[in-house]
Amino acid sequence: MTPSARSDPGTLVAGIGNIFLGDDGFGVETARRLAERDLPAHVEVVDIGVRGVHLAYQLLDGYDTLVLVDATARGGAPGTLYVIEHDDAAPNPSPGAPALDGHRMTPDTVLALLRTLCAGTGGEPPRRVLVVGCEPASVDERIGLSTPVSAAVPEAVRLIEELLRNGEPSAAQASAAEAST
């Protein structure tokens, strides 16, 4: 689908992370649970996992809003949820930057690739990019989320549903997003 072919520029919620690295699977598990919910028709939920290049190309379909769901280490207690408005003013990678590793792409790398793809295709990146992150306890090699991160998944689903309804979490949910679950 070309960027202008999308009739309703909706919202893409993308769960990202590696399920073989413990809490790095937070985004994937949250997307799985969110996909089971009754969401507005303009919302698409995808499990991207480690396929960051795929995500960049999918965004060329034209979305108004992108919500990335990922493990996000910011120094809080494990299980702490964050809502981060992505700053699109980040510089593009330098010409001497290493080649992209399709299995280890950060949200910033995906968005930089998207800017490059949009420049080449005439597409538009999402108007708004949010990251719903969870403080990991461990990203060591293992399958399964730690107890605090697993407990944060239902709250993350509720938080994302609130964002999808109103664009911003309510005051009560905003405080819950800053507190450990």
Side-chain angles (χ1 to χ4, degrees), residues 3 6 8-17 23-31 33-35 37 39-40 42-49 51-93 104-119 123-136 139 149 152-181:
R6 198 174 164 82
D8 176 19
T11 298
L12 181 66
V13 179
I16 57 178
D23 290 340
D24 195 44
F26 166 79
V28 171
E29 178 60 19
T30 302
R33 298 235 195 126
L34 191 62
R37 309 286 291 194
L39 300 172
H42 72 280
V43 175
E44 183 179 351
V45 179
V46 293
D47 167 3
I48 291 296
R51 298 169 295 134
V53 173
H54 176 82
L55 174 59
Y57 277 98
Q58 181 165 353
L59 288 168
L60 288 176
D61 285 348
Y63 293 89
D64 181 62
T65 303
L66 170 63
V67 179
L68 296 170
V69 187
D70 196 10
T72 307
R74 295 177 59 104
T80 301
L81 295 174
Y82 307 104
V83 176
I84 304 158
E85 183 94 27
H86 184 269
D87 177 12
D88 196 36
N92 283 322
R104 292 177 186 228
M105 293 182 70
T106 65
D108 287 334
T109 306
V110 169
L111 295 171
L113 174 59
L114 176 63
R115 283 193 299 271
T116 301
L117 293 171
C118 285
E124 290 288 325
R127 175 187 58 80
R128 186 170 190 211
V129 178
L130 297 170
V131 177
V132 173
C134 181
E135 188 73 40
V139 291
V149 171
V153 170
E155 180 60 29
V157 168
R158 284 189 294 278
L159 182 63
I160 294 166
E161 287 176 321
E162 180 77 15
L163 288 168
L164 294 174
R165 275 193 298 278
N166 302 327
E168 298 294 334
S170 67
Q173 287 187 333
S175 350
E178 292 298 323
S180 179
T181 54

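Positions are given from 1, in the same order as the sequence printed here. Please read these numbers as outputs of a predicted model, since none were measured by experiment. Computation of the quantities below employed the complete heavy-atom set of this structure, encompassing side-chain atoms and omitting hydrogens, waters and symmetry-equivalent molecules.
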Could Arg158 and Glu161 be called an ion pair, given the rule that one side-chain N must be under 4.0 Å from one carboxylate O? no
Look up atom CD1 in Ile16 and atom CD1 in Ile48, then write down how far apart they are to the nearest 0.5 Å. 8.5 Å
Between Ile160 and Leu34, the two heavy atoms sitting closest are CG2-CD2, 3.5 Å
Without swapping roles, check the side chain of Thr80 against the backbone of Ala77 for a donor-acceptor pair under 3.5 Å. yes
If we only count heavy atoms from C-beta on, is the Asp24 to Phe26 side-chain gap below 4.5 Å? no
When every non-hydrogen atom of Val45 is compared with those of Ala31, the smallest separation belongs to CG1-O, 3.4 Å
Worked verdict on Arg128 versus His86 for side-chain contact (heavy atoms from CB on, under 4.5 Å): CA-CA 8 Å; Arg128 186 170 190 211; His86 184 269; over 6 Å; no
Given side chains that start at C-beta, do those of Arg51 and Gln58 come closer than 4.5 Å, heavy atoms only? no
Checking Val83 against Val131 for the side-chain contact (heavy atoms from CB on, under 4.5 Å) test, could you report, in this order, the C-alpha distance in whole Å, the side-chain angles of both residues, the deciding distance, and whether it holds? CA-CA 6 Å; Val83 176; Val131 177; over 6 Å; no
Show, in sequence, the C-alpha distance, side-chain angles and deciding distance for Arg74 and Ile84, and conclude whether the side-chain contact (heavy atoms from CB on, under 4.5 Å) test is met. CA-CA 11 Å; Arg74 295 177 59 104; Ile84 304 158; 3.3 Å; yes
Mark yes or no for whether Thr72, through its side chain, and Asp70, through its backbone, hold a donor-acceptor pair below 3.5 Å. yes
Check whether any side-chain heavy atom of Thr65 sits under 4.5 Å from a side-chain heavy atom of Pro126, and report yes or no. no
With Asp23 via side chain to side chain donor-acceptor pair (under 3.5 Å) - residues at least two apart: Ser146
Is there a side-chain contact between Val46 and Val13, using heavy atoms and a 4.5 Å cut-off? no
Are Thr11 and Leu66 close enough that some pair of their side-chain heavy atoms sits under 4.5 Å apart? no
Is any side-chain heavy atom of Val67 closer than 4.5 Å to a side-chain heavy atom of Leu12? no
List the steps, then state whether side-chain contact (heavy atoms from CB on, under 4.5 Å) holds for Val132 with Leu68. CA-CA 6 Å; Val132 173; Leu68 296 170; over 6 Å; no
Please confirm whether the backbone N or O of Gly79 pairs with a side-chain atom of Glu135, one donor and one acceptor, at under 3.5 Å? no
side-chain contact (heavy atoms from CB on, under 4.5 Å) partners for Arg33, two or more places apart: Glu29, Val153, Pro154, Val157
Taking side chain as C-beta onward, heavy atoms only, is Arg127 less than 4.5 Å from Tyr63? no
For the CG atom of Leu114 and the OH atom of Tyr57, what is their distance to the nearest 0.5 Å? 10.5 Å
